[in-house]
Amino acid sequence: MEKFFVTTPIYYVNDKPHIGHAYTTFVCDTLARYYRMLGARVLFSTGVDENSQKNIEAMIAAGESDIARYLDNMAGLWKQSWDDLGIRYDAFIRTTEQRHVNAVQRFWRAAMETGDIYKSVYKGMYCTGCEAFKTESETENGACVLHPNKPLKPIEEENYFFKLSAYRDRLLELYSQSREFAMPEARRNEIRNYVENHLADISVSRSSSSLESGIPVPDNDSQRIYVWFDALINYLTVAGYGSDDRETEQWWPADAHIVGKDIIKFHCALWPAMLWSAAKTDPLLKKMSEEGKLIPRTVFAHGFFTIDGIKISKSLGNAVDPRDLIPAYGLDAIRYFLMREIPFGEDGDFSRKRLEERYVSDLANTLGNLLHRAISMSRRYFNGMTPNVDLVRAGASPNASVWDGAAGLRDLESRYDGFMQEFRIDLALERLWAAGEIKASGLLQANKFVEETKPFQLVKDDAMKVGEILYALLEACRHYAWLLAPVMPETAKAMIESLGQKFDIESKKSLEELRQWGGLPMDTPLPEPKPLFPKREATS
RNA sequence: CGCGGGAUAGAGCAGUCAGGCAGCUCGCCAGGCCCAUAACCUGGAGGUCGGGGGUUCAAAUCCCCCUCCCGCAACCA
């Protein structure tokens, strides 16, 4: 793959990021890091949705009054959070930026010209307390839940509507033609059912008087563009649409929109329809369409985390800021836990107990201890150096029935690649530990290999063989480090340095070169090992 | 009959499409080992595969019925 363009949704900034936001963003960051290692040009974008009415409500709740300053602060807070969590995004978009306003208005005009945007009357129940329309689920006894003393008023308003229903057949065709467009399968069934039976035109503007924020409708000051129509276009904006057509051609379409399961409808139904519509008249999008490069390759909806079995909820105050966990576990352990714990696409639960279990078992006992024991033995038996051995003999493990050395690593790496490219980071990690595999070269098998060959006994009568065993182990650890790198960048670096290599030099090599068996130099000093995942801190 | 997902050991899951000894990780118990972060390895206990019926030499798996849980949808601004 030459390029890889991956996106997070743009988040509302009504609070700081919690573990759910971090999960989505970690997935994208891991994929971005993986594709960078593969040698692809990568565009990983994230950002914040600043045109939502919810932001204004949040600002008022926070006791502030200057929306521009509030948004600046929140954008800074989100950026800082991602920096603290080791997220290496390439683009951070704020939807109040001029380039986004330009992109949205250009897109709007294109869709308008096709006739897919039309004026109609919206009828809704308006709460004068909230100064907002309310959905049925937000009301009780004819009043909104927040203002039970102020009955809702039926209000009619002339708005612009988008002819979503006109794209029904084309959407259904898209779902049946592309298995990967809407993932996972259960969600694709859900969206298909929605489109088949319930698809209706949607309102895409609001009167400026009832909406305090938002991008003005071109040539009509009385209307502002409403939420999703604006928000989805952020993906085009970050790819240069509206500011640099040639850049857009390089990146579009997105390879992966990673989204929460709650917003898959907008990404899998509204978004492609919007693109088809604007592509009828917008020259750039038309060209992309003719080249078959208009529709995003994959929208993958992940599940939600509960906290100790309970839904994350602001009112319950049970949201977890992942940064609070860093002092006890370290950043990489948190990234590992979130990527490993739930099958991608399904729901899962976050709990300190599970995090602790995985930290101790997977990271400290299996991974950390393996590297530590391998280095310790090499240092002890080979004067603090990596063993100098015949690479061919150290590549295979003729006496081991449970561990295949070089050949096994190749197999592991190709299976790992398969899972990563299907967005199954959880399965890639499971494979790396090789859970459930009888004959594989994962971490658990490497530990079995040590027991089976007993280098600590063998050293008394066959030092050469011990060297071969230990070299194979250390070399395997070097491979593990690079396989872990997308999920656990700091750990990968620590492992490579523990093996006496210079991370900065190694990380510039191609993936192919890194995966060559024998990349670990022989007769090289090994520094005294330090536990990668110390346990004392973990249990604090 | 609105649509879909799910129910497998104490926990979390795989296996179901293509029927063939019920498996993995964690936890628990016992043993081994001594290189290692009281880490590692081996063995064991623990399951009427949600319930009932059917097809079959054989069903977690295929067919029918039922129960429970969870999403989505129900002119949601």
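Keep in mind that what you see is a predicted model, and the values were worked out from it rather than measured.
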With the side chain of [X] defined as its heavy atoms from C-beta on, choose the nearest nucleotide among [options].
{"X": "A:Lys448", "options": "B:U42, B:C35, B:A73", "value": "B:U42"}
{"X": "A:Leu444", "options": "B:U37, B:C3, B:C41", "value": "B:C41"}
{"X": "A:Leu532", "options": "B:U37, B:C40, B:C33", "value": "B:U37"}

Protein-nucleotide distance ([X], atom [atom1]; [N], atom [atom2]), rounded to Å:
{"X": "A:Arg340", "N": "B:A11", "atom1": "CZ", "atom2": "C1'", "answer": "14 Å"}
{"X": "A:Leu164", "N": "B:C75", "atom1": "CG", "atom2": "P", "answer": "17 Å"}
{"X": "A:Arg352", "N": "B:A11", "atom1": "CZ", "atom2": "P", "answer": "24 Å"}

Task: A:Asp347 bridged to A:Lys261 by N-O distance under 4.0 Å - done: yes

TODO: With sequence neighbours left out, write down each residue that passes salt bridge (Lys or Arg N to Asp or Glu O under 4.0 Å) with A:Lys353, or none if nothing qualifies.
DONE: A:Glu357

- [ ] Taking atom types as modelled, find out whether A:Asn51 and A:Ser213 have a side-chain donor-acceptor pair closer than 3.5 angstrom.
- [x] no

Open item on the list: Is it true that A:Arg373 and A:Asn447 share a donor-acceptor pair across their side chains at a distance under 3.5 Å?
Closed with: yes

Open item on the list: So, OP1 or OP2 of B:C34: does either fall under 4.0 Å of a side-chain N or O from A:Lys454?
Closed with: no

TODO: Kindly say if A:Arg358 contacts the phosphate of B:U25, meaning a side-chain N or O under 4.0 Å from OP1 or OP2.
DONE: no

Task: Of A:Asn159 and A:Arg373, the one whose closest RNA chain B nucleotide lies more 5' - done: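 Between the two, 5'-proximity favours A:Arg373.
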
Open item on the list: With nearest nucleotide decided by heavy atoms, which residue, A:His372 or A:Tyr194, maps closer to the 5′ end of RNA chain B?
Closed with: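 First, find each residue's nearest nucleotide; the 5'-ward one identifies A:His372.
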
TODO: Tell me, please, which residues at least two apart from A:Ala481 pass side chain to side chain contact (heavy atoms under 4.5 Å, CB included).
DONE: A:Met495, A:Ile496

Task: Residues that A:Glu180 engages under side chain to side chain contact (heavy atoms under 4.5 Å, CB included), provided they are two or more places apart - done: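 Only A:Ser178, A:Arg297, A:Thr298 meet the side chain to side chain contact (heavy atoms under 4.5 Å, CB included) criterion with A:Glu180.
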
TODO: List the steps, then state whether ring pair (Phe, Tyr, Trp, His ring centres under 6.0 Å) holds for A:Tyr329 with A:Tyr359.
DONE: CA-CA 8 Å; A:Tyr329 299 96; A:Tyr359 182 93; 5.6 Å; yes

Could I get a table of every N or O pair under 3.5 Å where one atom is in the protein and the other is in nucleotides 69-71 of chain B?
| unit_1 | atom_1 | unit_2 | atom_2 | d |
| --- | --- | --- | --- | --- |
| B:G71 | O2' | A:Arg187 | NH2 | 2.9 |

TODO: Identify, residue by residue, the members of residues 362-371 of chain A with a heavy atom below 4.0 Å from RNA chain B, and return them in order of residue number, or none.
DONE: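 Only A:Ala364, A:Asn365, A:Gly368, A:Asn369 qualify.
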
Open item on the list: Take N1-N3 plus N6-O4 or O6-N4 for Watson-Crick, N1-O2 plus O6-N3 for G-U, both under 3.5 Å. Which runs of 3 or more such pairs involve RNA chain B?
Closed with: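 RNA chain B stems, ordered by first number: B:2-7 with B:67-72, B:10-13 with B:23-26, B:28-32 with B:40-44, B:50-54 with B:62-66.
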
Task: Rounded distance in Å between the C1' positions of B:C70 and B:C57 - done: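 Approximately 39 Å lies between the C1' atom of B:C70 and that of B:C57.
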
